[in-house]
Amino acid sequence: MNTVTTRFAPSPTGYLHIGGARTALFNWLFARKNDGHFILRVEDTDQQRSTPEMTRAIIDAMDWLGLDYDRGPFFQSQRKEEYLSYIDSLIEKGSGYYCNCSPDEVEAMREAARKKGLKPKYSGKCRDMGVKPGPDTVIRLKAPLTGQTVFIDQVKGPIYLDNQELDDFVLQRKDGTPTYNLAVVVDDIEMGITHILRGDDHVNNTPKQILIYKALGVDPPLFGHVPMILGPDRKKLSKRHGALSVMAYREMGFLPEAMLNYLVRLGWSFKDEEIFSKEDLIKKFSLENLGSSACIFDTSKLIWLNSHYIKEADVSRLASILAEHLDQSLLPVDQSYLEKIIPLLKPRAGTMKEMAEMAEFFLADDQSLVYDQKAVDKFLTRETEAYLSEIAMLLEKMDAFDQKALEEELGNYIKKREVKFKVIAQPLRVAITGKTASPGLFETMEVLGKERVLNRLKKTAQ
RNA sequence: GUCCCCAUCGUCUAGUGGCCCAGGACGCCGGCCUCUCACGCCGGUAACGGGGGUUCAAAUCCCCCUGGGGACGCCA
């Protein structure tokens, strides 16, 4: 048995999107699970739409997700001779032929077929005409007219297709470049690909590719088609569904491990487990547990996973991520100060973006702290301000300004004044944080420090 | 239109003929905890698309219908 070899073959005509990332993940996992190789191949034969920036962006996204490849990136644009020599051999074997029908003519054939209620196809007009190569000729595959093409899909089971459904599709364009189906087959052969895991939208290409393998006299690899990811409206995921690019999720404050965990559970499961580390996945991944029906991308579960991983992540890593999400006006910030506030924010943040918003009152300087007007109106009344100024005086005298000491000091105060802590808690919170929701008061005050707490109390007292 | 694929709670899914009047997770709702908001914990809501078979027995196997998705390029 050959070494298991899988590949991810994106086209650099756009960013790495959710669906592509999941496909890459499945291929990566399968290779890792089987001690095989994972290859990155950039399918940039469409010169018009492919750009180096997109290639860069895709590679960055894979790096971010931690999907490392053993070979590549390879670029199809640099492998033209390879393709042409394969096409030559097809011509030699009589499995390919030149065709000089114009695109208009072919379109007319398709239209005619459609009218008859058949699948639109090229008629095969030049199949046996012995057309010689010329400036306007393409090369087509001489596909079988009868019989069936069958393959055992690794996730869907056997798939049959009557060869009559297929036509003599183009292998080489008029301009001499190879088409997708030809290039893919050549590369997969040359690179020793053993398993191809790709989106459902490729099932119809598979029989065509198998025909090329046959014409070439090469055994095809194993194919597996994973179901599509649909938008909430059950339509193929597209731009109007909002963010699709993996890196956009990074910008929204998602952690790569959350992304991976979410993506893998779209179409794959292991008993009723939900949380998987990369190591878990490599151990547990298998094709048998891939589902076969399409699924819908649902952000709420992603957010839940993300908040889970935020709680798990270590503080110093979160600190540097958090810094990236902070408003420019708050920068620069001291890493060690961020590390103090993060433990308070961890259980409260769904995304790092959210955490950045929650961190604002810690970072803002005392004079420019923003207050929620409704909160001020409700809690900073004449009555509560009397309490606050008394409290300010008490705090002023404190030496150790830590959670424990604060709790004790304020505990004594409410006892003396015979009020419930509830009565002073919200006014205090609003005065210190500007908002009605925040981490616990004592821990917040400790992190903020005596000076800043007093500044804020004095400011609201005016 | 033709072909291919798919079909369990709103969503992700478990289930491979009896253990299922269907389990888990997210969400949602309620409660507990509580200085607010969260976290956490406890509880609840909610699904086998329809119809025929096969079988002692079907969410599970077969057929039809319906619904959904995808593909039909000298794009990938």
Side-chain angles (χ1 to χ4, degrees), chain A residues 9-13 43-46 48-50 76 99 101-103 106-107 110 113-122 136-140 153 156-157 159-162 164-167 169-175 177-181 183-184 199-207 225 227-228 230 232 234-236 262 265-275 288-289 291-305 307 311 344-350 358 375 379 407 410 414 420-426 428-430 433 435-442:
Chain A
S11 169
T13 53
E43 310 215 321
D44 57 349
T45 51
D46 186 339
Q48 308 299 318
R49 298 191 299 146
S50 299
Q76 288 193 326
C99 162
C101 295
S102 71
V106 176
E107 188 41 49
R110 282 199 258 265
R114 233 187 299 260
K115 258 191 193 140
K116 278 194 267 179
L118 297 171
K119 181 173 278 190
K121 285 174 22 171
Y122 168 69
D136 285 326
T137 55
V138 300
I139 296 176
R140 290 180 180 277
D153 191 288
K156 291 171 184 294
I159 293 179
Y160 307 81
L161 187 77
D162 284 335
Q164 291 176 34
E165 297 297 327
L166 267 17
D167 65 357
F169 55 92
V170 174
L171 300 174
Q172 187 184 94
R173 300 181 188 102
K174 191 166 58 183
D175 67 4
T177 57
T179 58
Y180 166 73
N181 283 121
V184 166
D200 225 351
D201 47 346
H202 282 288
V203 279
N204 300 277
N205 279 325
T206 307
H225 293 94
M228 306 263 81
L230 274 21
R234 302 203 128 271
K235 295 270 184 263
K236 191 176 180 177
Y262 179 72
R265 285 284 292 103
L266 240 38
W268 179 83
S269 63
F270 188 81
K271 311 250 175 71
D272 54 18
E273 294 177 28
E274 294 289 348
I275 305 289
E288 291 83 71
N289 294 326
S292 48
S293 50
C295 49
I296 294 172
F297 190 83
D298 169 39
T299 319
S300 64
K301 193 160 189 177
L302 210 206
I303 292 173
W304 170 72
L305 278 166
S307 64
K311 285 175 209 119
L344 313 197
L345 266 21
K346 262 183 162 188
R348 296 174 165 79
M358 293 189 292
F379 291 107
E407 192 164 356
L410 285 166
I414 58 170
K420 292 245 192 226
F421 184 61
K422 270 181 185 301
V423 177
I424 62 163
Q426 282 305 73
L428 242 188
R429 188 186 316 280
V430 173
T433 70
K435 300 181 295 185
T436 51
S438 82
L441 264 179
F442 305 124

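Letters A, B, ... mirror the listed sequences (proteins, then strands); counts begin at 1.
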TODO: To the nearest 0.5 angstrom, please state how far the CG atom of A/Asn204 sits from the CD1 atom of A/Ile159.
DONE: 9.0 Å
Any base atoms under 4.0 Å from [X], or only sugar-phosphate, or nothing? Heavy atoms, all strands.
X        : result
A/His225 : nothing
A/Ser11  : sugar-phosphate
A/Pro10  : nothing
A/Thr177 : nothing
A/Lys115 : nothing
A/Cys101 : base

TODO: Kindly say whether, by distance alone, the side chain of A/Asn205 makes a donor-acceptor pair under 3.5 Å with the base of B/A76?
DONE: yes
Using Watson-Crick or G-U wobble geometry with both distances under 3.5 Å, which nucleotide pairs with [N]?
N     : value
B/A76 : none
B/G67 : B/C6
B/C39 : none

Task: Footprint string (nucleotides 6-27 of chain B, 5' to 3'): B base within contact, S backbone only, - free, heavy atoms under 4.0 Å - done: SS---SBSS---------BBS-
Open item on the list: Using the salt bridge (Lys or Arg N to Asp or Glu O under 4.0 Å) criterion, which residues pair with A/Lys435? Sequence neighbours excluded.
Closed with: none
Open item on the list: Run the salt bridge (Lys or Arg N to Asp or Glu O under 4.0 Å) test against A/Glu273 and tell me which residues pass, sequence neighbours left out.
Closed with: A/Lys284
Open item on the list: The criterion is side chain to side chain contact (heavy atoms under 4.5 Å, CB included); which residues satisfy it with A/Pro207, sequence neighbours excluded?
Closed with: A/Thr149, A/Phe151, A/Leu161, A/Leu166
Task: Partner residues of A/Leu118 under the side chain to side chain contact (heavy atoms under 4.5 Å, CB included) criterion, sequence neighbours left out - done: A/Ala113, A/Lys116
- [ ] Go through the structure and list residues passing side chain to side chain donor-acceptor pair (under 3.5 Å) with A/Arg265, not counting sequence neighbours.
- [x] A/Glu274
Task: Minimum-distance nucleotide to A/Lys119 side chain [options: B/G70, B/C74, B/C3] - done: B/C3
TODO: Would you kindly compare A/Ser438 and A/Arg114 by the position of their nearest RNA chain B nucleotide and give the one closer to the 5′ end?
DONE: A/Arg114
